[in-house]
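Labels below follow one simple rule: chain letters A, B, ... track the order of the sequence lines, proteins then strands, and each chain is numbered from 1.
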Amino acid sequence: MTHYDHKSIEAKWQKHWATNKTFKATNNSDKPKFYALDMFPYPSGAGLHVGHPLGYIASDIVSRYKRHKGFNVLHPMGYDSFGLPAEQYAIQTGQHPAETTKTNIEGGTDKSGNKIAGYRNQMDRIGFSFDWDREVRTSSPDYYKYTQEIFIMLFDSWYDNDADKAQPISLLESRFRESGTNNINAATEEDLRHFTAAEWNAFTEKEQQEILLDYRLTFLADTEVNWCPALGTVLANDEIVNGVSERGGHPVVRKKMRQWMMRISAFAERLLTGLEGLDWAESIKEIQRNWIGKSVGAMVSFQLDSHKVDVFTTRPDTIYGVTFMTLAPEHELVDQITTAAQKDAVEAYKKATAARSERERMADVKTISGVFTGAYATHPLSSEPVPVWIGDYVLAGYGTGAVMAVPCGDERDYAFANYFAGQEGMPAIKNIFDGVDISEEAYGAKDKTPLCNSDFLNGMSYQTGAMAAAIEKLEEVGSGKGKTNYRLRDAVFSRQRYWGEPFPVYYKDGLPQMIDRKHLPIALPEVDEYLPTEDGAPPLGRATTWSWCTKENKVVSNDDDRDCVYPLELNTMPGWAGSSWYMFRYMDANNEDEMFSAAAQEYWNNVDLYIGGSEHATGHLLYSRFWVKLLHDLGKVTVEEPFQKMINQGMILGESAFVYRMVPMFECQKTKVSLGGTLGVNEFLFGNREVYISKDLIERDFVLDKSVKSVKDEDIYKHFYYSADLHKALDKSYFDDFKKKSEKSITKKSYDLITNPEKDFVLKYKFFPARVENNFLKNGNILKSEVIGVSKLLFADFEFYNQLTEIKCSFEVEKMSKSKYNVVSPDDICDQYGADTLRLYEMFLGPLEQAKPWNTAGITGVYGFMKKLWKLYHNDAGFSVSDEKASPDSMKTLHKTIKKVQDDIDNFSFNTSVSSFMIAVNELTQQKCNSREVLEPLAVLVSPYAPHIAEELWSLLGHNESISEAPFPVFDEKHLVESSKTYPISFNGKMKFTLDLPVDVSKDELEKMVLANEKVQQQLEGKQIRKTIIVPGKIVNFVVG
RNA sequence: GCUCGAGUGGUGGAAUUGGUAGACACGUUGGACUUAAAAUCCAAUGGGUAGUAAUGCCCGUACGGGUUCAAGUCCCGUCUCGAGUACCA
């Protein structure tokens, strides 16, 4: 084989790696360990496109590099295979999601006969060094039985704020037995009942269980949830984008439901502080910090008759500025405190608010609305009456759902007070800032300003301790205490879906009971349809065998009416359950006795390099940190953070091709009224065919309306263009002709209208963009007329503008997706250029973290490099490498490349090492180098990036072992040492020419040599040297004048 | 609105602690080989300008200032684009 044949080489080595299990990682080794992990893919039916493997290639390069560097590398892959798309497909086709998921992973044919390549096959073709023996799938019972076990662990735990860790619930029970709720500082809801040891011991079993439920880290609660009627399920906040569901874009409403919750809020502080030590992009940490949303302040109680209204404030020091209070319309006290006179107004407002969707409320921030309840609370310090309002700018879900309004220092309160100024219940704004004018706006910069009208706080400011003094006073009078609030809410954990982990829970007397761990997994039951039941129960409500027998300890038929049979939970777990702990399962993936052994976890510790998209910032990355902290507290793992170093790869964008459909219209120049389809203009001009035109021809032949300043590409169709020539031809005879030809479709009224010279109608065009499937393009951007007949996106009855047979498409960069017809499959690239070229090219596109458009045009350069690399080891007759010593130049090329590649991988700068490979191969070709001394280490150098060709060359070089563990070449400085250096010689900082000067001379000598130079003298002629800067090895600069 | 990030040739992008801006690749142009095409190889390629030429000169890293012998890099201000977030009391 003399030419580079990527197909046979790649097939050969992929098979070799698979049969020899080349990349199998061992759990005991003398080598240092390295764990590189990619974010769990969801195996969709659309398959991989070239954007997906980007991160996998990067982690694979690092993994292979670390093996060369002598590490024991764990580089696993698996599937987050529970999820909504498979379920929706199941609803549509009736196919079991397990089947479609299997097909999507392993390949096959879908229900409509489309061939599915399968994620696994697609990945195998790219030559990843995954240890496939450790593959996990979240939807496999062997895996999810441990997800169920972790749920039980959460149920069996409570959060002890004093120890600042999760503790077994048995510990809480024994403390209750001994001393009741005394000295218990647990993460729970506010205001739980207190009891003594004697009371506890007197409670019935059921009562005790009910109380414990309030403390558990996963608990049942009636919560207002985001209910999506179209999907028949509840969505988490991060599954809603702009008020509609992330998947499908369905509307979302609020509804109260009994749900399993996760007490992630107990971990808020640790999740926040834990971020500090992580080597993550600052932006991701910032997103998590915002999401956790810590604010320090105080709880303040206002007495209102027999009621107590609690508010949270970050500025208790402004307490004397309280002018009124506002409650969320949903606040539970509203009905009780509203006076008879205000009842109607309050009811009407509550109704109006409830009718507005969450989305409307969020979008409409500017409108101020609210109603006075008629009630007055008592100021805890001044005892003055404080009017109580309701308003939807106060969110029911944050803090206590009530605020003390301090208009002099808060913009929203100020706006509210001003809007209702003069009405009943809205007193004049109290100003507590000394010497500050608040007649125009609230005083935002209040931190340093001394307070006035504030009793004991007068003269103090926020910065000089007013806050602490206020809290102290409030505590003294029993009306408040210091408190830290978090925006982070407890996470809803129940989903009304089929394709997820079942809960290991049955219900006895309405109380949830955990099934013993030894009976897991509780396998997903079969159902006849994947939809909610008639009466609104989740899909599992359709299962006929879905009850738990406590005697036999197994799932039995619902018809079984023995006393020991209880109904099982009908909800399933959300998508993030399985992905929150999978990184540990990989450490010991085939363990049948436990989720992973302590020894395996201790050996692999945590993930050294995690690569994936930044879209998981508030979902997966936060929840898995939460679960790991729990596993840590319960002694299950030795680490508290799962992902030490993370890199977020940028999205690869697709280029969508467009042509434009011409739509002719008449427009009156005076009134700008346009008349289109009803006149039959299209029929007359184009014989009722669609006419397509390209953007360049629009720009060439049509003139944009003068009234339009500039047009963005995507807006091109919103404006009229007109053809200058056609405009000229629009005299009366044209319209007579028009009328004759299209008698039927033109009314007399329209005809009179457009032929009336005073009205001055002209012909104009709109251009509507039409997508073109990428595979119909020739030479990248040419659309030929013959392919339109088979296109799904363009009208079959068509012609091109001016009867052209082909036109040039224009492009827009968009997200790569099946629905946009701009997907490029890695399989096609592997066919045409090979996996090594694909790997190199994906890296060559630019920095890993940056989003970039995929443009196949540049790939030929990388393919050319592969061929040149191959040719270095071959002559016309075949493989040819000499054992002669390499030239110093070649050694220099080799060693500078070693250094560069090493530095680049350490900095995750993969694009620059591809360049340096190209430079090396270009130089070695130039030098006609074919010495083993250089070519052997070069193969190892290239191997992480282009492993197939490297293996092939390695074996041609006479090695029987795989290249994968060959030691990485050692960089030796001595090959780079030179006797001279090319100095840039500049004058006043501007480089004029370069000089080759010796390296090993002193600064003074250097200066003498430079000054002796003829060119330097020429430059200096007639000028004076003011200063000479010589930086040895860098630059020579003369300041002249 | 707030927070963060980014603006470099026709294109993707290089440029270590401030030290030769545009590496590498695509594209384009010209040439060699070929009946032709593909492939391959060679040369040129930021803009302007003077010269027959060798070779000069000027301008250039979004825009306006500043620090420095020297700024894509540091500082101040402005603009544009992208991402995240959104009544959080």
- Query: Using the P atom in both, what is the distance from G30(B) to A23(B), to the nearest Å?
  - Reply: 22 Å
- State whether a side-chain donor-acceptor pair under 3.5 Å links Tyr349(A) with Ser369(A). yes
- Task: Calculate the interatomic distance between Trp291(A) atom CH2 and C88(B) atom P; express it in whole Å.
- Result: 15 Å
- Task: Examine distances only and state if a side-chain atom of Gln288(A) and a backbone atom of Leu272(A) form a donor-acceptor pair shorter than 3.5 Å.
- Result: no
- Item | Sugar-phosphate or base contact per nucleotide [nucleotides 11-19 of chain B; S, B, -; heavy atom under 4.0 Å] | -BSS--B-B
- Query: Does Asn922(A) place a side-chain N or O at less than 4.0 Å from the phosphate oxygens OP1/OP2 of A25(B)?
  - Reply: yes
- Task: Determine the Euclidean distance between corresponding P atoms of C74(B) and U17(B); express it in Å to zero decimal places.
- Result: 11 Å
- Taking the same atom, P, in U80(B) and in G31(B), what whole-Å distance lies between them? 47 Å
- Task: Take the protein atom CH2 of Trp854(A) and the nucleotide atom C1' of A25(B), then report the distance between them rounded to whole Å.
- Result: 14 Å
- Task: Using a strict 4.0 Å threshold on nitrogen-to-oxygen distance, state whether Asp5(A) and Lys7(A) make a salt bridge.
- Result: no
- Query: Out of A21(B), U85(B), U40(B), which nucleotide sits closest to the side chain of Arg487(A)?
  - Reply: U85(B)
- Message: Which is more 5' along RNA chain B, the nucleotide nearest Val403(A) or the one nearest Tyr983(A)? Just name the residue.
- Response: Tyr983(A)
- Item | P atoms of U34(B) and A25(B), separation to the nearest Å | 27 Å
- Task: Using the P atoms only, state how far G72(B) lies from G19(B), rounded to an integer number of Å.
- Result: 10 Å
- pair His331(A)-Val388(A): side-chain heavy atoms closer than 4.5 Å: no
- Query: Can you tell me how far C1' in A71(B) sits from the matching atom in G66(B), rounded to whole Å?
  - Reply: 11 Å
- Taking for Met918(A) and for Lys1027(A) the nucleotide of RNA chain B with the nearest heavy atom, the one nearer the 5' end belongs to Met918(A)
- Nearest to side-chain heavy atoms of Thr860(A), which nucleotide of A86(B), G27(B), A25(B): G27(B)
- Contacts of type side-chain contact (heavy atoms from CB on, under 4.5 Å), residue Lys928(A), not counting sequence neighbours: none
- Would you call the rings of His616(A) and His620(A) parallel, tilted or perpendicular, where under 30° means parallel and over 60° means perpendicular? perpendicular
- Message: Between Tyr841(A) and Tyr833(A) (judged by ring centroids, cut-off 6.0 Å), do the two rings come close enough to count as a pair?
- Response: no
- Item | Gap in Å between the two P atoms, one belonging to G60(B) and one to C26(B), rounded | 31 Å
- Residues Asn485(A), Ser295(A); criterion side chain to side chain donor-acceptor pair (under 3.5 Å); working and verdict: CA-CA 5 Å; Asn485(A) 218 25; Ser295(A) 39; 5.3 Å; no
- Measure the distance from NE2 on His616(A) to C1' on A83(B) and round it to the nearest whole Å. 16 Å
- Task: May I ask you to verify if any side-chain N or O of Arg412(A) is less than 4.0 angstrom from the OP1 or OP2 atom of C88(B)?
- Result: yes
- Query: Should the pair Glu842(A)-Lys852(A) be classified as a salt bridge under the 4.0 Å nitrogen-to-oxygen rule?
  - Reply: no
- Considering only atom P, compute the distance from U40(B) to U49(B) and round it to an integer number of Å. 36 Å
- Message: Given a 3.5 Å cut-off on both pairing distances, which stems involving RNA chain B, each at least three consecutive Watson-Crick or G-U pairs, are present, if any?
- Response: B:1-7 with B:79-85, B:10-12 with B:24-26, B:27-32 with B:40-45, B:46-50 with B:55-59, B:62-66 with B:74-78
- Query: Starting at CD of Gln649(A) and ending at P of G5(B), how long is that distance when rounded to a whole Å?
  - Reply: 20 Å
